[in-house]
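Report on the structure given below.
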Amino acid sequence: MDEKKQVRTVRTDMPNNIIMENRTKISISGVENAESYNESEVVLHTSKGVLIIRGEGMSLSKLNLDSGEITVNGRVCVLEYVEPRKSGTSFLGKIFK
């Protein structure tokens, strides 16, 4: 049997735009993957890094990974980009350089 594997190419040239309306609706472009979501937090992988949205009553009303667009509804409290950890920057990594 010939098994097909679906491969998603990561496009770092995709623009990452955020439009927030009245702290209750966010439209985001440049989304590569929705890692997780619940009523208090949405974690997205975007073309510019990992974006964490924290709030209350969070829900996804639109998700289209082919076009890289997502719409999140709920009361928004925090938008945070998380930088990836660099290897060797821990306390022990600095000591044993």
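Every heavy atom of this structure was used, including side-chain atoms; hydrogens, water molecules and symmetry mates were not. Each residue takes its place number in the sequence, starting with 1.
- Side-chain contact between L60 and V42: present, with at least one pair of heavy atoms (C-beta onward) separated by less than 4.5 Å.
- Put simply, CD1 on I18 and NZ on K48 are 12.0 Å apart, with the number rounded to the nearest 0.5 Å.
- Minimum interatomic distance between M14 and S47 (heavy atoms only, all atoms of both residues): O-OG, 2.6 Å.
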In residues 50-59, what donor-acceptor pairs under 3.5 Å come from side-chain atoms, sequence neighbours left out?
from: R54; atom 1: NE; to: E41; atom 2: OE2; distance (Å): 3.1
from: R54; atom 1: NH1; to: E80; atom 2: OE1; distance (Å): 2.7

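- The distance from the CG atom of L44 to the OH atom of Y81 is 9.0 Å, given to the nearest 0.5 Å.
- Y37 is not listed as a side-chain neighbour of I70, based on a closest heavy-atom distance of 4.5 Å or more.
- Rounding to the nearest 0.5 Å places CG of L63 at 8.5 Å from CG of N33.
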May I have the list of side-chain donor-acceptor pairs in residues 19-28 shorter than 3.5 Å, sequence neighbours left out?
from: R23; atom 1: NE; to: V76; atom 2: O; distance (Å): 2.9
from: R23; atom 1: NH2; to: V76; atom 2: O; distance (Å): 2.8
from: T24; atom 1: OG1; to: E21; atom 2: O; distance (Å): 3.3

